[in-house]
Amino acid sequence: MTHQRPLRALLLEGIHPGARDVLASEGIAVTLLDKSPPKADLPSMVSEYDILGIRSKTQVTAEVLDAAKNLLVVGAFCIGTNQINLVRANARGVPVFNAPLSNTRSVAELMIGEIIMLSRQLGDRSREVHLGQWNKRATGCREIRGKTLGIVGYGHIGSQVGVLAEAMGMRVVFYDVATKLPMGNNRPAASLDELLAESDFVTLHVPATAQTRHMMGGSEIAKMRRGSFLLNASRGDVVVIDQLASALSSGHLSGAAVDVYPEEPEANGAGFATDLQNLPNVILTPHIGGSTEEAQEAIGKEVATALAKFLTSGTTTSAVNFPRVEQPLLAGKHRILNVHKNVPGVLGDINRIVSDQKANILGQVLVTDPHIGYLIMDLEQDLSQEVCDQIAALPTSIRTRRLEER
Ligand code: NAI
């Protein structure tokens, strides 16, 4: 299906060119920029486009969304969507898509690397040799084979880590608030305490929620086995950093790998400080768990594909701020997509227009959230434009467009 005029996409912040290729293959004209424009220029710039693609730095404020009169959809080519005013986008009928899964494997691989690094004190040995010190030793350095890995949060990343760890010969136990199907021989723990008590390595893969904030504080760390290791590549607030630093200084823990911090700098450069610096066998990385070229390419394709599906069929199944629907296209028919205020009587008004026009509805799906309704309606071709125009003119309509078959 296609639109009446070619669509235009603005992709900012050096989004992977794979995204451009996906959109271009749908006949969309793509402008690809390395950076985000100055804040003040964004509203007027965006007003020219139907599709906006950003990463984490561009702030898509209410002002930007209000200025973007043609905007149909926003792609966040990253995981987080805090930089976008999702409520305003919803109210304006603009779905937002992100890429929650594309860097799962990258994070999982990093964790396996770090488990071995911690177990062999590789960070310290490497630093010593760089400084000209020869410190060949075996004491305290171990294989990971046969050791127990405890995974807290057995979602996309956690379960991947479990699969890879098992392939390395580790025993894997996990704790999750939801019931999860164990992969391979991974085993659920009855409680977090049970997991902490039996693990040689504990790795955290929970989301940032009120329940996970500070879930690894002093008392939880104290329940970990003496000489064990803690890894956190989830969110900075999940661990109480000064308590972790104390446990490392006292020798209760033999090491830690930390990728995320309660406060992280917005830009690269010097001056970052944390209580974890300069402690033995502590690997500190600058939130790079998901930062690989493969993940960037996968993010580009995942989000661009979601945008293209939305533009060509109205599919919103992976949108973060929108009622979700996927309805197969009917050959030879026209599709009307209507976003409206979620107030009583709208469907009646729309169906009256269809019936007055003597048009035949071949398929109709309505999904709602508390604020908006999203209707997909398939019609015979001859009357679809007239019906579309009349639906668009309803006072309850927020956004209406018609897709024609190519
Ligand atoms: P996911 O949503 O697939 O899995 C999270 C799991 O945690 C779910 O199974 C959920 O039931 C569980 N969970 C929630 N609250 C819990 C609690 N209180 N106790 C135990 N389990 C709990 O998420 P995914 O994709 O696996 O990501 C996990 C974390 O990794 C997120 O915080 C995400 O922000 C972070 N992340 C970090 C990256 C990095 O660069 N370091 C890159 C990608 C994700």
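Just so it is clear, the model here is predicted, and its values are computed rather than measured. Counting starts at 1 for both ligands and their atoms, in listed order. Index from 1, following the sequence.
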_Distance under 4.0 Å to a non-hydrogen atom of K180: what atoms of ligand 1 satisfy this?_
9 (O)

_For T104, which part has a heavy atom under 4.0 Å from ligand 1: side chain, backbone, both, or neither?_
neither

_Show the nearest heavy-atom pair for residues D176 and A178, with the distance to one decimal._
OD1-N, 2.8 Å

*Looking only at protein heavy atoms, which one is nearest to atom 35 (C) of ligand 1, and how far off is it?*
S234 O, 3.6 Å

*Provide the number and element of each atom of ligand 1 under 4.0 Å from a heavy atom of H287.*
39 (C), 40 (O), 41 (N)

*What protein heavy atom sits nearest atom 42 (C) of ligand 1, and how far away is it?*
V107 CG2, 3.5 Å

*For atom 2 (O) of ligand 1, which protein heavy atom lies nearest, and how many Å away is it?*
H156 ND1, 4.7 Å

*Under 3.5 Å, is there a donor-acceptor pair between the side chain of K147 and the main chain of E143?*
yes

*Cation-pi, F310 ring and R324 (6.0 angstrom, 45 degrees)*: no

_For atom 33 (C) of ligand 1, tell me which residue out of R213, Q160, Q211, R235 has the closest non-hydrogen atom._
R235

_Give me the nearest non-hydrogen protein atom to atom 37 (C) of ligand 1 as residue plus atom name, then the distance to 0.1 Å._
A233 O, 3.1 Å

*Among protein heavy atoms, which sits nearest to atom 40 (O) of ligand 1, and what does the distance come to when rounded to 0.1 Å?*
G290 N, 3.0 Å

*Which residue supplies the protein heavy atom nearest to atom 11 (O) of ligand 1, what is that atom called, and how far is it?*
D176 OD1, 2.6 Å

*Ignoring hydrogens, tell whether any protein atom lies closer than 4.0 Å to atom 30 (O) of ligand 1; use the non-hydrogen atoms only.*
yes

*Check V206 against ligand 1 and report side chain, backbone, both or neither, counting heavy atoms closer than 4.0 Å.*
both

*asked:* Please classify the V177 to ligand 1 contact at 4.0 Å (heavy-atom distances, strictly less than): side chain, backbone, both or neither.
replied: both

*Could you check if a side-chain atom of V94 sits within less than 4.5 angstrom of a side-chain atom of F322, using non-hydrogen atoms only?*
no

*Looking only at side chains, do S313 and T315 share a donor and an acceptor under 3.5 Å apart?*
yes

_Numbered atoms of ligand 1 (with element) below 4.0 Å of D259, judged on heavy atoms_ = 39 (C), 40 (O), 41 (N)

*Flag the pair D349 / I353 as yes when at least one side-chain heavy-atom distance between them is below 4.5 Å, and no otherwise.*
no

With a cut-off of 3.5 Å and sequence neighbours excluded, list every side-chain donor-acceptor pair involving residues 49-57.
| unit_1 | atom_1 | unit_2 | atom_2 | d |
| --- | --- | --- | --- | --- |
| Y49 | OH | T31 | OG1 | 3.2 |
| D50 | OD1 | R5 | NH2 | 2.6 |
| D50 | OD2 | R5 | NH1 | 3.3 |
| D50 | OD2 | R8 | N | 2.7 |
| R55 | NH1 | E13 | O | 3.2 |
| R55 | NH2 | Q296 | OE1 | 3.3 |

*Side chain proximity check, T148 to M170, heavy atoms < 4.5 angstrom*: no

*Measure the shortest side-chain to side-chain distance between T81 and L86 over non-hydrogen atoms and say whether it is less than 4.5 angstrom.*
yes

*Please state which protein non-hydrogen atom is closest to atom 26 (O) of ligand 1 and give its distance, to 0.1 Å?*
I157 N, 2.8 Å

*Any side-chain heavy-atom pair from V346 and K341 closer than 4.5 angstrom?*
no

*asked:* I'd like to check I299 versus E302 (side-chain heavy atoms, cut-off strictly below 4.5 Å). Are they in contact?
replied: no

*By number and element, which atoms of ligand 1 are closer than 4.0 Å to a non-hydrogen atom of H205?*
5 (C), 6 (C), 7 (O), 28 (C)

*asked:* Give me the residue, atom name and distance of the protein heavy atom closest to atom 14 (C) of ligand 1.
replied: P207 CD, 3.4 Å

*Is any heavy atom of the protein nearer than 4.0 Å to atom 4 (O) of ligand 1?*
yes

_Would I288 count as a polar contact of ligand 1, with the cut-off being nitrogen or oxygen pairs under 3.5 Å?_
no

*Locate the shortest heavy-atom distance separating S119 from F201; write the atom from each residue and the value.*
OG-CZ, 3.7 Å

*If you count the atoms of ligand 1 from 1 in the order shown, which ones are under 4.0 Å from a heavy atom of Y154?*
9 (O)

